[in-house]
Amino acid sequence: MAHGSAIAIVLAAGKGERMQSTTTPKVLHEVAGRALVHWPVVLAHEVGVRRVIVVVGHGHADVEAALARRFGDAAPEIALQQQQRGTGDAVACAVARLADGPDNARVLILSGDVPLLRASTLHALFSCTGPLAFIATRAPDPTGYGRVVRDADGRVLRIVEHKDATPAERALDEVNAGIYAADLGFLRRELHGLSAANAQGELYLTDLVARAAAAAPVATVLAPFVEVAGVNDRVELAASDALARRRIAERWMRAGVTLRAPDSIAIDADVIEIGADTLLGAGVALRGRTRIGSGVTIDVGCVLTDTVVEDGAILRPYTIATSAKIGPRSVVGPFAHLRQGSELGEAVHVGNFVETKKTRLGRGAKANHLSYLGDAEIGARVNVGAGTITCNYDGVAKHVTVIEEGAFIGSNTALVAPVRVGQGATVGAGTTVTRDVPAGALVVSRAEEKQIAGYAARKANAKPKSR
Ligand code: UD1
Ligand code: CA
């Protein structure tokens, strides 16, 4: 089911006092690596809603920038609510941008602090008719929520906010989840009639329920509490995070991925793909827009961010990779550090304590031990010896090292960039290369080696120094 003509409004202007943050607006705190405000936007797109408007207020510049970064060309529209005068006012700010929309357009109202809502629940809400419908839930502790008040026949009469409720109303455990579907025409007619004469002095969106109920029956969709639980403090943030991660882990396991100790593995919501028969060891973290092929082994403690790993690669324990590409059947780690712009071709070996940055290694190239390779272009089948360093920085600018196909770099080599080692050339161990090496040549730079025979005996016979 797609809802191409529908519009979604995401309420995200609130400060979120209870997060106790001095730097971060509430909706930019993350659940499974994805900002709270991004969740309803992704969900709206998922159910086929093309036009999304996010109402921002507190920290609006940061929120807008985060949305632009995450969604690019598909970023939602922004409606600025200057003062947080309540949820009714927030929706009015978005509706003000919809002058061109037809009265019968369906408007979904989502909350920027409810990350775990499922698409199936939203579809159920969509199929409700009437001027307004909403999602209700049974809260284990309904304190703080708006209560759903029904008549003797079970028809919805209104929603009463906790602070305005009588003791009898507070005893109700059916509460408003804060997610609605309404006709645009209904919102246009009724929103400006809201009053702030209530316990919080706010314009309550929830007051629309009584108005809708006066005209036609108000339908509700009853959702499990965990799905619609809001995130208001960092305890609830952690609970939502754990739940989201469990859901994500189960989804990948069902898709053919083996997770060892799944509760210790953190797969972000925005991870794009993990192929079948891939294995994730305990403590692995897959972050951002990472993509993993099939038959890949990612062993204990690896942390991959915005990284692509192709089929059959093996990542040994504690490999760290950020904005990197690892080619098919490559073997990396343990304890390798691939920084941004590292691109490993097919069957490349990068071993322990090797750091790479903006470096490409061609097919079959090897750098097995203790090296720094930065701003380098390394050809196929090159062997980089232990302790090789590309000296890419002269204190002012970065320079490129090129090592052509089949070259052999001896251990403990310093390559002072910009420099090029020609195809098939050999660099002797301990060399400091400062000039381009022609193809096929040998380059060695060492102080002459001296041998002093009998040194140990001479030392033993020497008189102790008097003091
Ligand atoms: C709201 C509902 C309550 C429901 C609960 C579910 C109202 C009056 N009450 O209460 O019935 O049980 O959600 O979680 O709607 N926001 C704005 N601008 C504002 C005020 C709020 O954008 O001026 C945003 C907030 O950032 C938040 C959402 O609207 O994302 C809900 O606001 P919040 O203050 O959390 O409402 P609740 O008191 O939780
Ligand atoms: Ca809330």
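As the structure lists them, so they are numbered: ligands from 1, and atoms in each ligand from 1. All residue numbers refer to positions in the sequence shown, counting from 1.
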- Tell me, please: is Ala177 in heavy-atom contact with ligand 1, that is, under 4.0 Å? yes
- Less than 3.5 Å between some nitrogen or oxygen of Gln81 and one of ligand 1, yes or no? yes
- Query: Of the options Arg291, Arg34, Arg69, Arg289, which is the one that meets Asp270 in a salt bridge (Lys or Arg N to Asp or Glu O under 4.0 Å)?
  - Reply: Arg34
- Task: Please indicate whether Arg316 has more than 12 foreign heavy atoms, meaning atoms of other residues, nucleotides or ligands, lying under 6.0 Å from its CZ.
- Result: no
- Message: Can you confirm, on distance only, whether ligand 1 has an N/O atom lying under 3.5 Å from any N/O atom belonging to Leu205?
- Response: no
- Using the test side-chain contact (heavy atoms from CB on, under 4.5 Å), find all partners of Ser323 that sit at least two apart in sequence or belong to another chain. Asp306, Gln340
- Task: Within a distance under 4.0 Å of any heavy atom of Ala12, pick out the atoms of ligand 1 and give their elements.
- Result: 22 (O), 26 (O)
- Does some non-hydrogen atom of Asp89 fall short of 4.0 Å from ligand 1? no
- Message: Quick check: Gly146 and ligand 1, any N/O pair under 3.5 Å apart?
- Response: yes
- Query: Do Asn392 and Thr390 have side-chain N/O donor and acceptor atoms under 3.5 Å apart?
  - Reply: no
- What are the atoms of ligand 1, with element, lying closer than 4.0 Å to any heavy atom of Gly112? 30 (O)
- Query: Is there a donor-acceptor contact under 3.5 Å linking the side chains of Lys26 and Asn232?
  - Reply: yes
- Item | From Gln81 atom CD to Gln83 atom CD, the distance as rounded to the nearest 0.5 Å | 9.0 Å
- Is the closest N or O pair between Ala90 and ligand 1 shorter than 3.5 Å? no
- Message: Can you classify the ring geometry of Tyr318 versus Phe335 as parallel (below 30°), tilted (30 to 60°) or perpendicular (above 60°)?
- Response: parallel
- Task: Look only at interatomic distance and state if Ile159 has a nitrogen or oxygen under 3.5 Å from any nitrogen or oxygen of ligand 1.
- Result: no
- Query: Hey, does Ser111 sit under 4.0 Å from ligand 1 if you only count heavy atoms?
  - Reply: yes
- Query: With the threshold set at 4.0 Å, does a side-chain nitrogen-carboxylate oxygen contact exist between Asp268 and Arg287?
  - Reply: no
- Task: Check ligand 1 against Thr87 and write out every atom of the ligand that is under 4.0 Å from a heavy-atom position of the residue.
- Result: 7 (C), 8 (C), 15 (O), 20 (C), 21 (C), 29 (O), 31 (C), 32 (O)
- Query: When you check the gap from the basic side-chain N to the acidic O, do Glu236 and Arg18 get nearer than 4.0 Å?
  - Reply: no
- Message: Below 4.0 Å, non-hydrogen atoms only: which portion of Glu161 touches ligand 1? Side chain, backbone, both or neither.
- Response: side chain
- Query: Would you say ligand 1 has an N or O under 3.5 Å from any N or O of Asn176?
  - Reply: yes
- Message: At under 4.0 Å between heavy atoms, is it the side chain or the backbone of Arg85 that contacts ligand 1, or both, or neither?
- Response: backbone
- Message: Is the contact between Ala13 and ligand 1 made by the side chain, the backbone, both, or neither, using heavy atoms and a 4.0 Å cut-off?
- Response: both
- Task: Can you run down the side-chain hydrogen bond (donor to acceptor under 3.5 Å, both in side chains) pairs that involve residues 358-370, sequence neighbours left out, and say none if there aren't any?
- Result: Arg360-Glu377
- Output yes when the distance from some N or O of ligand 1 to some N or O of Tyr180 is under 3.5 Å, and no in every other case. no
